[in-house]
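Position 1 is the first residue of the sequence, and the numbers go up from there.
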Amino acid sequence: MAATMSSVVGLANSSLSRFSSAKKTSLSSDFVRSPVTARNPLRVAKASGGRVTCFQRDWLRRDLNVIGFGLIGWLAPSSVPAINGKSLTGLFFESIGTELAHFPTGPALTSQFWLWMVCWHLGLFLCLTFGQIGFKGRTEDYFSK
């Protein structure tokens, strides 16, 4: 066997060979806590000025075009009279009027107001979400790759 220095995995500064040095060797292991405290790499002085950022600063990247076109894009199809000759927007606003007729009392759980409110807003938020994805994806060339 050659007389080379070999180290054992898990033992940091020790060498196990016949020709070990005369200096004092200190054994360290992953099982024993190191006397040096570990530093958090996110708190290093040069790492983004001490601030942790996972996203871009303007992660929402809001644009008023998306809000405007999304609202118009939802009001147009929801105003088509498709439910017994009435539109979803018309039914929602009509139910708001009937609920405001007895103002201090809120709408009952069995009121049609809740159904029209959930459907109308779900459609609006889906339209705004897909509008944001499509508009920003097109301006930032996500779809051309």
Check Glu99 against Ser111 and note the closest heavy-atom contact, atom names and distance. OE2-OG, 2.7 Å
Interatomic distance, CG@Asp141 vs NZ@Lys136, rounded to 0.5 Å, equals 12.5 Å
Would you say Phe69 and Phe125 are hydrophobically clustered, going by side-chain heavy atoms of ILVMFWY under 4.5 Å? no
Answer yes if Leu88 and Phe93 sit in the same cluster of Ile, Leu, Val, Met, Phe, Trp and Tyr residues linked by side chain heavy atoms under 4.5 Å apart, and no otherwise. yes
Do Met117 and Leu122 belong to the same hydrophobic cluster, where Ile, Leu, Val, Met, Phe, Trp and Tyr are linked whenever their side-chain heavy atoms lie under 4.5 Å apart, directly or via other members? no
Report, as yes or no, whether the 6.0 Å neighbourhood of atom CZ on Phe135 holds more than 12 heavy atoms from other residues, nucleotides or ligands. yes
Results of side chain to side chain contact (heavy atoms under 4.5 Å, CB included) for Gln112 - residues two or more places apart only: Leu115, Trp116
Would you name the heavy atoms of Ser78 and Ser87 that are closest together and state the gap between them? O-CB, 3.4 Å
Hey, does Phe130 have a side-chain heavy atom less than 4.5 Å from the side chain of Val66? no
Quick one: do Trp114 and Leu100 end up in the same hydrophobic cluster if we chain Ile, Leu, Val, Met, Phe, Trp and Tyr together by side-chain heavy atoms under 4.5 Å apart? yes
Do you reckon Leu124 sits in the same ILVMFWY cluster as Ile72, going by side-chain contacts under 4.5 Å, direct or chained? no
If you measure from OG1 on Thr89 to CH2 on Trp74, what distance do you get to the nearest 0.5 Å? 7.0 Å
In sequence, state the C-alpha distance, the side-chain angles, and the governing distance for Trp120 and Leu75, and then conclude on side-chain contact (heavy atoms from CB on, under 4.5 Å). CA-CA 9 Å; Trp120 195 86; Leu75 280 176; 3.8 Å; yes
Interatomic distance, Asn65 atom CG to Gln132 atom CD [nearest 0.5 angstrom]: 10.5 Å
Is the Phe92 ring parallel, tilted or perpendicular to the His121 ring (thresholds 30°, 60°)? perpendicular
Quick one: closest heavy-atom pair of Phe113 and Ser95, and the distance? CD1-OG, 3.6 Å
